[in-house]
There are 2 protein chains.
Amino acid sequence: MTEQRRVIARVLSEADDHPDVEEVYRRASAHDAGISLATVYRAMRMFEDAGIVERIDVGDGRAHYEEARGDQHHHLIDVETGSVAEFTSADVDAILQRIARDLGYSLVGTRLALFGVRRDKPAEER
Amino acid sequence: MTEQRRVIARVLSEADDHPDVEEVYRRASAHDAGISLATVYRAMRMFEDAGIVERIDVGDGRAHYEEARGDQHHHLIDVETGSVAEFTSADVDAILQRIARDLGYSLVGTRLALFGVRRDKPAEER
DNA sequence: TTAAATGCAAAGCATTTGCCGTCGC
DNA sequence: GCGACGGCAAATGCTTTGCATTTAA
């Protein structure tokens, strides 16, 4: 509704990565200096509650965000660069569902993150 | 080596749940009042670095710990009670390994937690 | 006009750390 | 005796919040 919110929303929809709050703040500031960090935090929470963005935990102690899409996807974090790749797997989802059921639970959420290092490619880098 | 460390170690080996630092502190204090929270934090970090305990994230913002066992197991957290169940699945582990490989990575770590609610049993509770 | 949103600075949490006294070996 | 360890309180990093002011509708 407000200008700041609009800017933050734009920043989020333009992002194709997984920025943390500080980074969203940085990008929003570029569009409109004068947005405060507190406002970004408040907006992120609001967007999250509204189901517009999803919080992801990449293991660095800060909350990162991505636009909420319909699909249930997971993340693979490059432990050397911090970059985040995404993947989906109906197999994994199905097995997890079954495991929860077997344990007597209805699955209401899944947090899955893989951490990996790039496999050496033939003969290029390093 | 020191008394405090011994007490904390005992608390950890006696625990069959997944206490957070505050809880370890509470239990250690029962054995020996006069242990400080900072000491517990330092001990936990040391035990973790030594591979004696493992830190697990149950989603409440605090670090919880469990004794390190050899097996690669995962957790299912009851969102209503906060209790943690454990499970292992060679299937899941294998698929995740393959997924990482397919994405060009060597898997160096996995963080998997399921969140669920107890399924209504026939006609008992509630 | 009036509730909702913002900025700023202060507060909150979990966790870490500097400093100095103490304890184990 | 000396280096590792523990206690305390201050510091840290991320996030939230109280309050007075501004803004959207």
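As the structure is a computational prediction, the values presented were derived from the model and not from experiment. Throughout, a chain's letter reflects where its sequence line sits, starting with A, and its residues are numbered from 1.
Straight-line distance from the CD1 atom of A/Ile35 to the P atom of D/dT22: 18 Å, rounded to whole Å. Rounded to an integer number of Å, the gap from A/Asp60 CG to D/dC14 P is 8 Å. The nearest whole Å value for the distance from the OH atom in A/Tyr25 to the C1' atom in C/dG7 is 10 Å. One can place CG of B/Leu37 at 14 Å from C1' of D/dA10, the figure rounded to the nearest angstrom. With rounding to whole Å, A/Asp20 atom CG is found 8 Å from D/dT15 atom P. As a whole-Å value, the separation of B/Tyr41 OH from D/dC8 P is 16 Å. A straight line from CE of A/Met46 to C1' of C/dA4 spans 9 Å, rounded to a whole angstrom. Whole-Å rounding puts the B/Asp49 CG to C/dT16 C1' distance at 13 Å.
Mapping A/His64 and B/Glu3 onto DNA chain D by nearest heavy atom places B/Glu3 at the nucleotide closer to the 5' end. With DNA chain C read from its 5' end, the first of the two nearest nucleotides for B/Arg55 and A/Gly34 is the one closest to A/Gly34. Nearest-nucleotide positions on DNA chain C place A/Thr2 closer to the 5' end than the other of B/Glu22 and A/Thr2.
Closest to the side chain of B/Ala38, out of C/dG7, D/dT16, C/dT17, is C/dT17. Nearest to the side-chain atoms of A/Met1 among the listed nucleotides C/dA5, D/dG6, D/dT17 stands C/dA5. If you check D/dC8, D/dT16, D/dC5 against the side chain of B/Arg5, the one that comes closest is D/dC5. Closest to the side chain of A/Arg62, from the set D/dA24, C/dC8, D/dC14, is D/dC14. Closest to the A/Arg45 side chain, of the nucleotides C/dT15, D/dT17, D/dA24, is D/dT17. Counting only heavy atoms from C-beta on, B/Val21 has its side chain closest to C/dT15 among D/dC14, C/dT15, D/dG6.
In this model, a donor atom of one side chain and an acceptor atom of the other lie less than 3.5 Å apart for A/Glu66 and A/His75. When only modelled atom types and interatomic distance are considered, B/His73 and B/Glu54 share no side-chain donor-acceptor pair under 3.5 Å.
Summarising the hydrophobic clusters (Ile, Leu, Val, Met, Phe, Trp, Tyr; side-chain heavy atoms under 4.5 Å, direct or chained), the residues clustered with A/Met1 are none.
Taking the six-membered ring where the residue is Trp, A/Phe87 and A/His74 present tilted rings, their angle falling between 30° and 60°.
The phosphate of C/dG7 (OP1 or OP2) has a side-chain N or O of A/Thr39 nearer than 4.0 angstrom. Side-chain N/O atoms of B/Gln4 include none lying less than 4.0 angstrom from OP1 or OP2 on C/dC23.
Here B/Arg42 lies in heavy-atom contact (under 4.0 Å) with a base.
Geometrically, A/Arg118 engages B/Tyr105 in a cation-pi contact, judged by NZ or CZ lying under 6.0 Å from the ring centre and within 45° of the ring axis.
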